[in-house]
Amino acid sequence: MSSESFENLSYEDRTFSPSETFIGNANAKSDIYDEANKDRQAFWEKQANRLHWDKKWSQVVDWQLPFVKWFIGGKLNASYNCLDRHVLEGRGDRVAFNFEGEPGDTRTITYTQLLSEVCKTTNALIELGINQGDRVAIYMPMIPEAAIAMLACARLGAMHSVIFGGFSADSLLSRIQDADATLVITADGGYRKGAAFALKPAVDEALKGVTNVKNVLVVKRTGQETAWGGRDIWWHDLVDKQSDKHNAEFFDSENGLFILYTSGTTAKPKGIYHTTGGYLTQAAFTHSAVFDLKPETDVYWCTADIGWITGHSYVVYGPLINGATQVMYEGTPDTPTKGRIFELVEKYKVSILYTAPTLIRTWMKWGDEYPNGSNLSSLRLLGSVGEPINPEAWMWYREVIGKNNCPIVDTWWQTETGAIMISPLPGVTATKPGSAMRPLPGIGADVVDDEGKAVGNGRGGYLVLTEPWPSMMRGIWKEPDRYKETYWSRFNNLYFAGDGAKLDKDGAIWLLGRVDDVMNVSGHRISTTEVESALVSHEAVAEAAVVGAKDEMTGQGIVAFVILRGGIEAAKGDALVKSLRDHVAKEIGPIAKPRQIMVVAELPKTRSGKIMRRLLRDVAENRAVGDSTTLADPNVMKLISEGLKSGKSED
Ligand code: WTA
């Protein structure tokens with residue numbers, strides 16, 4: 001990537017300042033940046049005091065690049081901070097979750113009720129032999145039991161590894177094996193797009209592999225026919241009979257809280273490993289400062305699934321620590337109508353909405369009649385996460401959803417960062433449509449060139465983080481060398497985020513997408529290599545190259561180029577392409593199905609054998625093919641283009 005490629009970016013000069021009333025009432029005021037700059041450690045200590053600590057830390061931070069510890073010697077319990085504290089301090093009757101199932105069933109769960117459900121589940125896990133430090137795989141639809149299961153693990157000091165329900169049995173198995181989980185918590189199924197889907201069969205399929213899983217705890221959600229075996233236990237049989245009292249034990253600040261797998265640049269996903277004290281501190285602080293949560297009056301809704309980091313930090317830990325009242329919705333935004341999300345905003349009087357650009361663009365396509373069909377006047381703040389938000393979508397979000405009344409916080413962060421790193425503060429920042437603006441107080445970020453030198457305003461380069469932060473990943477599970485190599489070897493003393501970014505003339509940060517082999521499809525990270533190895537594992541495929549091509553709706557779409565094995569006819573066309581797409585869905589999950597698969601005779605490679613994805617991206621995005629002089633065989637691109645024109649390869 002050359003910094004020249006950023007120079008021609010259009011410059012956005014609209015700014016939107018918060019209203020005087022918003023500024024006056026904001027949780028975070030403008031002096032907070034100075035406060036943090038003056039003494040970063042004191043600033044984070046102050047934020048850590050948002051939590052209940054059974055024992056205070058003796059040292060704030062220990063930074064031995066690239067390994068960090070925060071609040072050393074402190075003891076706390078994550079689940080206690082999310083639940084017990086509110087009940088003990090008289091907030092037990094406050095609603096924690098307004099749950100809405102896709103079919104329209106609802107549950108209202110107060111903090112007192114959530115605490116007793118979590119205690120019962122904790123006691124059930126104890127009965128199943130789960131101890132501090134054990135790993136528990138959670139593979140669930142978006143129902144309250146998903147959060148309850150996470151909080152029960154945390155209560156015991158056991159680590160959860162949540163695997164998104166859209167992942168296949170194979171993906172589930174490799175994650176269970178990598179973390180060596182001994183228990184899987186799942187459901188018979190869930191509801192999506194107006195129908196019940198099954199989850200338990202994927203668990204059964206996965207557990208045909210070699211694992212140390214002793215039990216599978218199954219929530220009955222849909223009541224569908226479910227195969228049953230000796231290790232399976234219904235949630236209602238085991239959990240319901242437990243005592244609803246459990247005294248939380250306090251664990252070390254650096255006790256493991258969870259592992260969450262995310263795609264890297266190789267075929268093997270990375271087990272991003274987070275611990276307790278620092279993670280909770282930053283999740284709670286950012287949730288309060290960035291979303292300006294007023295727990296007594298706000299209704300907060302983050303639409304992310306619990307299977308992603310956003311669901312961890314901004315559905316479970318951040319909001320519950322802050323005593324938020326939330327909406328949790330099981331299904332898809334178009335069921336039964338394309339106005340479902342807006343109807344729920346009206347129904348629950350949602351005041352803070354946090355969602356992803358891909359959904360905002362989808363709403364734009366569906367048309368303004370859907371948001372206009374509901375009363376959205378309860379909204380007072382809007383958030384965006386997961387991928388760069390284009391200025392058009394940002395303006396539409398502001399005007400049509402926010403009625404020009406709501407600050408927008410475009411929040412940049414990653415599974416690895418654990419919590420928001422770059423974002424406007426809604427009562428401070430004059431925002432620019434499409435920019436995540438600047439690092440939060442206590443956070444250091446910059447944009448550097450190939451040599452790691454700051455590019456300065458008006459230029460583009462690589463986004464780096466310059467200071468250790470509390471919710472930083474503590475490593476890649478069992479792979480310390482890969483951790484160093486991936487994040488800390490590109491530049492000296494800087495965390496390499498893998499994103500391109502530009503600083504505008506005022507120093508505002510504009511995110512430009514990934515610069516590595518990771519695609520971002522509807523806000524989900526998928527590795528090109530992972531899809532390539534899934535394709536190559538199909539009997540018909542000799543070689544595959546995968547690129548992320550620009551996609552109006554999903555940000556990027558997956559486009560695959562495959563070379564077939566000798567004797568397999570490309571002319572089989574559609575059926576073959578379908579079977580390849582299904583194969584990828586089986587290997588990784590439906591979210592990784594290529595949008596388009598093109599059968600080609602050759603792939604463009606350098607003399608050293610590296611596939612030149614840049615050229616394939618040109619083809620996938622219907623552009624003139626760029627400089628191909630370093631190709632080993634200069635004719636390849638011509639062959640590919642001709643092959644495509646002759647129509648052998650379409651989806
Ligand atoms: C991208 C999601 C631009 C980015 C919380 C990052 C963003 C990756 C933004 C992490 C944003 C996330 N603007 N890009 N506001 N937020 N990204 O781990 O490429 O699922 O590296 O964490 O998403 O994705 P992850």
Side-chain angles (χ1 to χ4, degrees), residues 1 162-164 166-167 258-265 269-274 279 282-283 286-287 290 302-315 317-318 354-361 382-391 393-394 397 408-424 429 431-440 443 445 447 460 462-465 471-473 476 486-487 490 495-502 508-528 548 554-556 591:
M1 187 190 64
V162 183
I163 297 125
F164 176 59
F167 280 115
F258 64 87
I259 303 172
L260 184 59
Y261 286 85
T262 186
S263 291
T265 52
K270 302 177 282 194
I272 305 298
Y273 167 54
H274 282 283
Y279 170 80
Q282 197 174 327
T286 53
H287 182 259
V290 173
C302 166
T303 63
D305 189 277
I306 231 141
W308 307 108
I309 190 69
T310 308
H312 285 54
S313 305
Y314 299 108
V315 176
Y317 294 108
Y354 188 32
T355 192
T358 184
L359 184 57
I360 299 167
R361 290 191 297 265
L382 302 172
S384 171
V385 62
E387 49 176 320
I389 179 165
N390 44 314
W394 196 101
Y397 199 26
I408 295 181
V409 287
D410 173 14
T411 63
W412 179 90
W413 58 295
Q414 309 178 300
T415 306
E416 293 86 341
T417 70
I420 298 171
M421 303 294 284
I422 303 175
S423 167
T429 317
T431 50
K432 303 183 183 192
S435 170
M437 301 305 297
R438 62 185 286 194
L440 287 178
I443 300 299
V447 179
Y462 304 97
L463 179 69
V464 293
L465 300 169
S471 62
M472 188 171 131
M473 67 187 319
I476 299 178
T486 310
Y487 305 103
R490 181 73 178 75
Y495 170 90
F496 173 53
D499 281 46
K502 185 195 166 177
I509 300 175
W510 296 74
L511 276 314
L512 301 170
R514 305 286 308 186
V515 294
D516 54 12
D517 292 333
V518 176
M519 299 172 286
N520 189 328
V521 183
S522 299
H524 301 155
R525 276 162 73 172
I526 299 166
S527 130
T528 53
T554 59
Q556 284 190 312
I591 51 167

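As a basis for the values below, the full set of heavy atoms in this structure was taken, side chains included, without hydrogen atoms, waters or symmetry mates. Just so you know, ligand 1 is whichever comes first in the structure, and atom 1 is the first atom listed for that ligand.
- Under the rule for a ring pair (Phe, Tyr, Trp, His ring centres under 6.0 Å), Y261 has no partner lying at least two apart in sequence or in another chain.
- Taking a heavy-atom cut-off of under 4.0 Å, ligand 1 is surrounded by I309, T310, V385, G386, E387, P388, D410, T411, W412, W413, Q414, T415, D499, L511, R514, N520, R525.
- When each of V409, V385, T411 is checked for a side chain to side chain contact (heavy atoms under 4.5 Å, CB included) with I420, only T411 meets the rule.
- The aromatic rings of W308 and H524 sit parallel to each other, their planes meeting at less than 30°, with 60° as the upper class boundary.
- Take Y279 and apply the ring pair (Phe, Tyr, Trp, His ring centres under 6.0 Å) test, not counting sequence neighbours, and it matches F258, H274, Y317.
- Applying the salt bridge (charged side-chain N to carboxylate O under 4.0 Å, His left out) test to R438 and every residue at least two apart in sequence or in another chain returns nothing.
- Under 3.5 Å, the side chains of Y354 and T310 contain no donor-acceptor pair of N or O atoms.
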